[in-house]
Asks: 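Dropping a structure here in structure tokens format, bear with me for questions.
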Amino acid sequence: MKPNAEIHRRLVVVSNRLPFTVSIEDGRAVFRESAGGLVTGLSAYIESRKRAPAPSPEHVWVGWPGSTVEAPLRGELKREAQARFQSHPVFLSEEEMDQFYLGFCNATLWPLFHYFPSYAVYQPKFWEQYQRVNEVFCETLLDIVRQDDLVWIHDYHLMLLPRLLKTRAPYLSVGFFLHIPFPSFELFRLLPGKWRRGILEGLLGADLLGFHTHEYVQHFLQSVLRILGYEHHMGKVSTSEGIVKVESFPMGIDFDKWSAVLNEPDIRREESDLKNTLAEVKVILSVDRLDYSKGILNRLEGFEIFLETNPQYHGRVVLLMVVVPSRIGVYQYDLMKRQIEELVGKINGRFGRIDWTPVVYQYRHVPFQSLVALYSVSDVCLVTPLRDGMNLVAKEYMATRRDGTGVLILSEMAGAAKELAEAIIINPNNREEIAEALQEALATPVEEQRRRNQIMQRRLLRYDVTRWADDFMRALLAIKDEQKRLQTRLVTPETRDELVGSYASARRRLLLLDYDGTLVSYAAEPQMAGPTDLVLSLLGELASNAANQVVLISGRDRNTLETWFGGLPVSLVAEHGVWIRVQNEDWRMTKPLSNDWKPQILPLLEMYADRLPGSFIEEKDFSYVWHYRKADPELASLRAKELVDDLVHFTANIEIQVVPGNKIVEVENAGVNKGAAALYFLSHSDCQFVLAVGDDSTDEELFKAVPETAYSIRVGITPSYARFNLPGPRNVLALLSDLAKAGAP
Ligand code: GDG
């Protein structure tokens, strides 16, 4: 982790909405500050940055201003937004916003990511507009960003932006945070293939990806593995461009602010008025945006059962239900509003009396002070989302319980349930459970309330919104550092010139080249990864230079190597060093080996091939390979670990070794490796230039064997014994082509 000083770099916050909303009134732009979890949280963090020791760090906010602004007004609005709010508006037409925001964001992603697949629509024109709007954000950002900025992109509206931005400005530090759940693979896969790949690739353009919970991180990584085929190691995903870190950062609230405002006279007055009005009843509070994900109907149904089964509470309890208007005009939302209002009417009609209304329902946005007063007078806070990324209402309620009393009932489907385990945790689909939880909450002794709340309050105080954002920023800087360390190992144009120069001036040269993953990319089946014309012509050109000895050091069997490369003037090493064919000579073994162990091992490998559809066994002269590239990636990775475990036990007394490789597990004779084969060629030539290139863990032995002065290169951006890295086979071929051009002696 980095010290705070690093965080003094300018912060560029990017979100769909700006912290204010613009409306055009009488031809002029009118600004209104907007609230909401994201804006409030980030604003608190920005304020805390300003309190840091000088120099005070700058920030800018980039987003949509909340309405369509015609061209003539844009200039003025831009100036004012910048001066008053350090903000840069992204201008979008009504059609763009319609298909992007109401379309792809809220009619496709929102329902799918909240486990309402039947509400999700899959309209190609929505997806096109989503791509387009992400591009517009990218263009706007490119006019603003500076090399040293920390760019923090927020939420599901902008999942393509990280890659778009990094493609155009690779030097930037880019973090992304998702505020809603990342669904399990089974849900995510419902998106058409191109879209789901696009989203994952878009996100993986960032340096750091943050989610509220560990579960969402796992879901994301699972989709990345199953859809893009990238594995991860401790939350780090290696792509051809570098490493991306994926981690959970549960968003907190500005705890101090929520507890401090309780002392403000206005709020005290409102609190005392409410207490007078509600003196005779226990208050159950419910606050949400109108949304089907929030479980408002379940909550009402649970309350109805509670009233049915607990007549002793009639006249003594009130459900205060605040529903904040949201996404007005969208069918599902309008329908839900009607259903809520019918149910409220039904409950009040069924149980209400002249002196008692069981559900007090408000469909409107309440001012901040009123919300605080409501939290503070409520005996119970009932939070029952069917799915919720985090849920800040539950946390805010806890922060306003000055005297430590109050009971929180919280759905296990909210991210917040992972942190607030001392609440009464319920499954919102079970109405009876909600009713029982209400009964339990109202009967919880004050001491027990305080005991539980103290634990939760301490946690919320410690991990508040500033800590959340600080942690995110530190993790972003840490991954950038790690990338830089790996980056310094990449072959730069200077290293390349030096390498080519050293090659050109050497009288004798030895080129030790791995094949799969180094000269060609992996294919679904080994026999499909034959050499391209370019590979053959490059190898031919290099090998026919009298000063060169070109050796292909591969794990492949000798027949395949012979078929593919037999016609070239190259030397070949098969089965990781079992067989050598020095140019113009016959194949021979590097040392006497035995095959006796094969019948013992085969049944075990066959069992694994049967247990994992899509996997198969390849037999070579002195080894077996279990291939699993085409199998279900998750099950395969589990089975591969089990197989290695079984084999290691099984072969403890036999002279063989188990070598896990790229989507394979190989069983071969002990003491055979690419390093030993390389030593043979090194000891038989008086070369002044050695190049060793490979992509796999089996190539590490090769890198260890070559002299320190050799140019050893690991393909892929990953730590290695090799001195340098190159991203992929294309870069290797480009390098070989430079060497071929460097030509004589
Ligand atoms: C998304 C994710 C995640 C609500 N009504 C009023 C009002 N609010 C404020 C609350 C709270 C915020 O709005 C709501 O935050 P939530 O977390 O409950 O839900 P979403 O808006 O859906 O937010 C969610 C969040 O992002 C952060 O990552 O937790 O899971 O869906 O701060 O206080 N504020 C005022 N009047 C209201 O009537 N003043």
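Counting starts at 1 for both ligands and their atoms, following the listed order. Keep in mind it's a predicted model, so treat the numbers as computed, not measured.
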Asks: Using a strict 4.0 Å cut-off to heavy atoms of Val393, name the atoms of ligand 1 that fall inside it.
Replies: 18 (O)
Asks: I need the contact type for Trp110 against ligand 1. Using non-hydrogen atoms and a strict under-4.0 Å cut-off, is it side chain, backbone, both or neither?
Replies: side chain
Asks: Below 3.5 angstrom, do we get any N/O pair linking Pro367 and ligand 1?
Replies: no
Asks: Counting heavy atoms only, name the option from Asp388, Val383, Ile253, Leu392 that's nearest to atom 16 (P) of ligand 1.
Replies: Leu392
Asks: I'd like to check whether Gly389 has a polar contact with ligand 1, where a contact means an N/O of the residue lying under 3.5 Å from an N/O of the ligand.
Replies: yes
Asks: CG/Leu438 to CD1/Ile305 distance, rounded to the nearest 0.5 angstrom?
Replies: 10.5 Å
Asks: List every atom of ligand 1 that sits less than 4.0 Å from any heavy atom of Val324, numbering the atoms from 1 in the order shown and giving each element.
Replies: 5 (N), 6 (C), 37 (C), 38 (O)
Asks: Look up atom OG1 in Thr384 and atom CD1 in Ile434, then write down how far apart they are to the nearest 0.5 Å.
Replies: 5.0 Å
Asks: Just by distance, no angles: are the side chains of Ser184 and Gln222 close enough, under 3.5 Å, to form a donor-acceptor pair?
Replies: no
Asks: Cation-pi check, Lys257 to Phe368: give yes when NZ or CZ is under 6.0 Å from the six-membered ring centre and within 45° of the ring axis, no otherwise.
Replies: yes
Asks: Report yes if some N/O of Val366 lies less than 3.5 Å from some N/O of ligand 1; otherwise report no.
Replies: yes
Asks: Please step through side-chain contact (heavy atoms from CB on, under 4.5 Å) for the pair Gln99 and Arg132, ending with a clear verdict.
Replies: CA-CA 10 Å; Gln99 298 185 350; Arg132 168 93 198 98; over 6 Å; no
Asks: Would you kindly specify which portion of Lys294 sits under 4.0 Å from ligand 1, judged on non-hydrogen atoms: side chain, backbone, both or neither?
Replies: side chain
Asks: Check for me whether the distance between the ring centres of His59 and Trp61 falls short of 6.0 Å.
Replies: no
Asks: Taking the six-membered ring for Trp and the single ring otherwise, decide whether the centroids of Trp468 and Phe177 are under 6.0 Å apart.
Replies: yes
Asks: Before we go on, tell me: are the rings of His179 and Tyr156 under 6.0 Å apart, centre to centre?
Replies: no
Asks: Pull out every atom of ligand 1 sitting under 4.0 Å from any heavy atom of Leu371, numbered as shown with elements.
Replies: 7 (C), 33 (O), 34 (N), 35 (C)
Asks: Less than 3.5 Å between some nitrogen or oxygen of His114 and one of ligand 1, yes or no?
Replies: no
Asks: Please check whether Trp258 reaches ligand 1 - meaning an N/O of the residue sits under 3.5 Å from an N/O of the ligand, judged on distance alone.
Replies: no
Asks: Using the benzene-type ring in the case of Trp, are the ring centres of Phe182 and Phe113 under 6.0 Å apart?
Replies: yes
Asks: Would Leu38 count as a contact residue for ligand 1, given that I'm defining contact as a non-hydrogen atom of the residue lying under 4.0 Å from a ligand atom?
Replies: no
Asks: Assess the residue pair Lys275 and Glu271 against the criterion (salt bridge (Lys or Arg N to Asp or Glu O under 4.0 Å)); give the C-alpha distance rounded to whole Å, side-chain angles, the decisive distance to 0.1 Å, and a yes or no.
Replies: CA-CA 6 Å; Lys275 274 188 180 150; Glu271 193 183 341; 3.5 Å; yes
Asks: By number and element, which atoms of ligand 1 are closer than 4.0 Å to a non-hydrogen atom of His365?
Replies: 35 (C), 36 (N), 37 (C), 38 (O), 39 (N)
Asks: Select one of side chain, backbone, both or neither to describe which atoms of Val287 lie under 4.0 Å from any atom of ligand 1, heavy atoms only.
Replies: side chain
Asks: Evaluate side-chain contact (heavy atoms from CB on, under 4.5 Å) for Glu440 paired with Val407, printing each intermediate quantity in order.
Replies: CA-CA 9 Å; Glu440 184 188 334; Val407 180; over 6 Å; no
Asks: By number and element, which atoms of ligand 1 are closer than 4.0 Å to a non-hydrogen atom of Phe368?
Replies: 39 (N)
Asks: Applying side-chain hydrogen bond (donor to acceptor under 3.5 Å, both in side chains) to His214 and Gln218, what does each step give before you reach the verdict?
Replies: CA-CA 6 Å; His214 178 67; Gln218 294 307 312; 3.3 Å; yes
Asks: Mark up the atoms of ligand 1 that fall under 4.0 Å of a heavy atom belonging to Arg289, in ascending order.
Replies: 21 (O), 22 (O)
Asks: Does some non-hydrogen atom of Tyr397 fall short of 4.0 Å from ligand 1?
Replies: no
Asks: N/O of His179 under 3.5 Å from N/O of ligand 1, yes or no?
Replies: yes
Asks: Answer side chain, backbone, both or neither: which part of Met251 comes under 4.0 Å from ligand 1, heavy atoms only.
Replies: side chain
